[in-house]
Amino acid sequence: MQTAKRLDGIGEYYFSKKLREIDELNKQGKNVINLGIGSPDLPPHPDVIRVLQEESAKPNVHAYQSYKGSPVLRRAVADWYRRWYGVDLDPDTEILPLIGSKEGIMHICMTYLDEGDGALVPNPGYPTYRSAVKLAGGNCIDYSLTAEGGWFPDFGELERLVAEAGQAPQSQGGAGGPAGGGRIKLMWVNYPQMPTGQLPDRALFENLVAFGKKHGILICHDNPYSFILNDKPMSLLAVPGAKEVVVELNSLSKSQNMAGWRVGTLSGAKERIDEILRFKSNMDSGMFLPVQLAAAKALSLGRDWYDSVNAVYRERRGYVFELLDLLKCTFSREQVGMFVWARIPASYADGFALSDRVLYDAGVFITPGGIFGPAGTGYVRVSLCTPVEKFKESINRIKSKGI
Ligand SMILES: Cc1ncc(COP(=O)(O)O)c(C=O)c1O
């Protein structure tokens, strides 16, 4: 059967393929330690599980749910945004619960991109931005993040990319862009940044909002890591006037240890939420109510919860630093989020070569940075989602193989 053209250039997701290979190695008795994927290995708070159990035992919670999500969850998201980010959101009109933030990336692209429309994507960045833009028929325009540039976008480069797309600033009537489509309509941004672990600052966020306003570009901020190893979570929506040009995705996958539950949120102006709901309501039929009520519980947890999660990651990160030192990688100890991003030594051609060596010789999988875009080629990424014992064993295996 001939697949649709929209799948041209879209491969199976890297991890989906790699996990199959690791399964094969395990069947051969290799007992691979997987330090690749960012899926929390710890459970959610016990109160969250209790709400799910109690609610799912009720007889009247099993029907289809509202396309806009439960009002209880929307209210919990609004309270969470006010408490931690200082952002006011109307729970009735400015919040849309999602079945994980990954689906939101696709919905946003499908809602705004016509064939050939441009979307700025970070290089390196989360691979789903790229594939969602392409699946929606859009055109990915990479912007570079470099160690020298502190992993922040270079606004000079962004201006050049917009000018190359033939797009005059809005003040010069540029919102329409070039005739026949091809206009840059979206920019994907993600801070704390994955994979580089870079924190945002206030000036960066203000510059992004100003850039979006200047060119009529919707700034799509993906914000799943703001609580991980960071005690000052920031939202792009906290910049005054941001709602005019910003939508923000958030997730319970990482900070609430609920990756498999599939709960995320989209926040933004009422008009944007309504537009994206027009697409999304044709794709799914709501989320299981007990999951939404348990998610609301998770969002009400206090500082103790985040401190306890971060104490675990902080201890593990110490071992990851040791492992990366052993591999003669160089890295910043200031980075945040669920991974450590490290430059490989010159003795390896690229991160794929180092990853393969460690996998095939020591049975330890670390992610090659090249899967996040060409700018990640000289890097590897190590996940913190594994118990300390496994890090110790990884270090011993690497030492014993003399890697
Ligand atoms: C940057 C980034 N955005 C979004 C996601 C998806 O998260 P969710 O589980 O909410 O779909 C991930 C997951 O790895 C991620 O790293």
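Atoms considered below: every heavy atom in the structure, side chains included; atoms not considered: hydrogens, waters and symmetry mates. Note that ligands are numbered from 1 as they come in the structure, with each ligand's atoms numbered from 1 the same way.
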Could you list each N/O atom of ligand 1 together with any protein N/O atom closer than 3.5 Å, one pair per line with the distance?
residue  : atom   : partner : partner atom : Å
ligand 1 : 3 (N)  : Asp222  : OD2          : 2.5
ligand 1 : 7 (O)  : Ser101  : OG           : 3.3
ligand 1 : 9 (O)  : Ser253  : OG           : 2.6
ligand 1 : 9 (O)  : Arg262  : NH1          : 2.9
ligand 1 : 10 (O) : Ser101  : N            : 2.8
ligand 1 : 10 (O) : Ser101  : OG           : 2.7
ligand 1 : 10 (O) : Ser251  : OG           : 2.7
ligand 1 : 10 (O) : Ser253  : OG           : 3.4
ligand 1 : 11 (O) : Ser101  : N            : 3.1
ligand 1 : 11 (O) : Lys102  : N            : 2.8
ligand 1 : 11 (O) : Arg262  : NH2          : 2.7
ligand 1 : 14 (O) : Lys254  : NZ           : 2.9
ligand 1 : 16 (O) : Tyr225  : OH           : 2.7

Parallel, tilted or perpendicular, as decided by the 30° and 60° cut-offs, for the rings of His62 and Phe288: tilted
salt_bridge(Arg262, Glu103) N-O dist < 4.0 Å: no
N-O pairing of Lys401 and Asp361 below 4.0 Å: no
Phe391: ring pair (Phe, Tyr, Trp, His ring centres under 6.0 Å) partners, not counting sequence neighbours: none
Got a list of side-chain donor-acceptor pairs under 3.5 Å for residues 264-271, not counting sequence neighbours?
residue : atom : partner : partner atom : Å
Lys270  : NZ   : Asp274  : OD2          : 2.7

Distance-only criterion, 3.5 Å: show the donor-acceptor pairs between side-chain atoms of residues 238-245 and protein atoms not counting sequence neighbours.
residue : atom : partner : partner atom : Å
Lys243  : NZ   : Asp88   : O            : 2.8
Lys243  : NZ   : Glu94   : OE1          : 3.0
Lys243  : NZ   : Glu94   : OE2          : 3.4

